[in-house]
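Since the structure comes first, as structure tokens, the remarks are kept for the end.
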There are 2 protein chains.
Amino acid sequence: MLDRAIAVADAGGLGSLTMRSLATELGVKPMALYHYVANKNEILDGIVDRVFGEIELPAAGGQWREEVSRRAESARSVLRRHPWAISLMESRSAPGPATLRHHEAMLDTLRGAGFSLAMTGHAYALLDAFVYGFAVQEAALPFDRDAAPEVVAGIAAQLPAEDYPRLHEYAHERVMTPGYDFGDEFTFGLGVVLDALERSLRDGDGEAPAPGTSPAR
Amino acid sequence: MLDRAIAVADAGGLGSLTMRSLATELGVKPMALYHYVANKNEILDGIVDRVFGEIELPAAGGQWREEVSRRAESARSVLRRHPWAISLMESRSAPGPATLRHHEAMLDTLRGAGFSLAMTGHAYALLDAFVYGFAVQEAALPFDRDAAPEVVAGIAAQLPAEDYPRLHEYAHERVMTPGYDFGDEFTFGLGVVLDALERSLRDGDGEAPAPGTSPAR
DNA sequence: ACCTGAACACCGTTCAAGT
DNA sequence: ACCTGAACACCGTTCAAGT
């Protein structure tokens, strides 16, 4: 039943997932659902946990960087498949078993790599902020990947070029350029994050570095 | 009217913002709203743009790192004030004037700092992925700041310690510890991101570094 | 145990109407 | 120009009832 709920949301967005539409999907009357579930909220909790369950877990014995990287890529593709899940994550209160298992595995990988408890918290928060935030951006894109140049050209044409010179520059000389793919920003950002974590592990024994006080400043 | 809509959403969440509740708030009948707006969607577009407008713009003449940092902190506090705006950003199609002005100012600051067009895209995507993702995490927190230790203690007590040893470790030895504040993760993450951008500006003339190929690897 | 029909208090929105 | 009332097709959910 949760599978069908996810399928409905995938097909028509979260707004199209109603007790009535789900019942129809299952060939049953709306009220029959209440035999399996206390209310709609429980369904939402359930599908969020299932989405979490779709994300690849980091392997216990592997190299932390590789495992964390693979898991981040997996999370990204899962959230691209189920973009409605992002808005749901904000409002859920009770994490399900798949969610807990997932967090446990990530903490274990980071702790096992030698990160201190504090640094593990920094690392996980940063990683997931990036992953979730990237998913939000991808979900908000007005174009779907291949159509980017045309769509952006249409939008840019609406904007007075003299008021928004930088937006025009970026639209014309970057987005509308062959080979542009917003998805590439994920690779770049994830690399930045992983590099920083790796550096902190080497320099500080897993302790937090003090950003902004490095020689780079 | 958009101000009142924002006030309603702030007070009761996005679910409490209905044409009827907004009308009541304005001392008018629901149908009167349609004189100012074509439909509810237009109201949602409007309040998202207004929320964007609350974020401090980077100053044109300032040091890029300081300006970008201040703007990121501002975005974070705005999204904490209006957590419902995050889920809305995913689904909006038409960016409003405040949103456009905001993007224009950010692009101008980054380009002015010497970042290449490609690197500006990398930088902005990474920065905002972090900011939005952090906002998602903060909105999802089951505790409100000061109550963290007690709430987490309650949750942790529900979980079998033998199944989730790392979660227990983190809950007891980190979250439930005096002085813990999830908000500190923002400072850490933002520092990592800004350090990386600063380094790329120094090392590569604003060109993208190749993460993962640095000596840190 | 599993499912249903009728009903209630809600939605956004249409249409025709009032000042 | 600005506002309204009645109505329609939707929601989630309760309750009492059917197999």
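Just so we're clear, the structure is a prediction, and the values are computed from it rather than from any experiment. Chain letters run A, B, ... following the sequence lines, proteins first, then strands; residues in each count from 1.
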A:I47 CD1 to A:L2 CG distance, which is reported to the nearest 0.5 Å: 7.5 Å
B:R71 versus B:H102, side-chain donor and acceptor atoms under 3.5 Å: yes
Whole-Å distance separating the CG atom of B:N39 from the C1' atom of C:dT13: 9 Å
Nearest-Å distance for atom pair CE/P, residues A:M19 and D:dT14: 10 Å
Candidates D:dC2, D:dT4, D:dC11 - which lies nearest the side chain of B:A32: D:dT4
Pair assignment for D:dG18, Watson-Crick or G-U wobble, requiring both distances under 3.5 Å: C:dC2
ring-ring contact (aromatic ring centres under 6.0 Å, His included) between B:F182 and B:F134, intermediate numbers included: CA-CA 10 Å; B:F182 180 77; B:F134 192 86; 5.0 Å; yes
Separation of atom CG in B:L26 from atom P in D:dC2, rounded to whole Å: 14 Å
Rounded distance (Å) that lies between atom P of D:dC11 and atom CG of A:L17: 11 Å
Ring centroid separation A:F115 to A:Y124 under 6.0 Å: no
Pairwise C1' distance for C:dC3 and D:dC15, with rounding to whole Å: 14 Å
Closest listed nucleotide, where the reference is the side chain of B:Y34 and the choices are D:dG12, C:dG12, D:dC2: C:dG12
Protein-nucleotide distance (A:L22, atom CG; D:dT13, atom P), rounded to Å: 12 Å
Residue whose closest nucleotide on DNA chain D lies nearer the 5' end, B:P30 versus A:A38: B:P30
Nucleotide nearest A:K29 (side chain, heavy atoms from C-beta), chosen from C:dT4, D:dC2, C:dC3: C:dT4
Between B:S21 and B:T24, a side-chain donor and acceptor under 3.5 Å: no
Integer angstrom distance from the C1' of C:dC8 to that of D:dC10: 14 Å
Atom-pair distance (CG on A:N41; C1' on D:dC11), nearest Å: 15 Å
Nucleotide D:dT13, atom C1' - distance to CE of A:M31 in whole Å: 6 Å
Selection from C:dA1, D:dC3, C:dT13 that lies nearest to any side-chain heavy atom of B:V28: D:dC3
Opposite nucleotide pairing with D:dT13, Watson-Crick or G-U, both atom distances under 3.5 Å: C:dA7
Between D:dC10 (P) and A:K40 (NZ): distance, integer Å: 15 Å
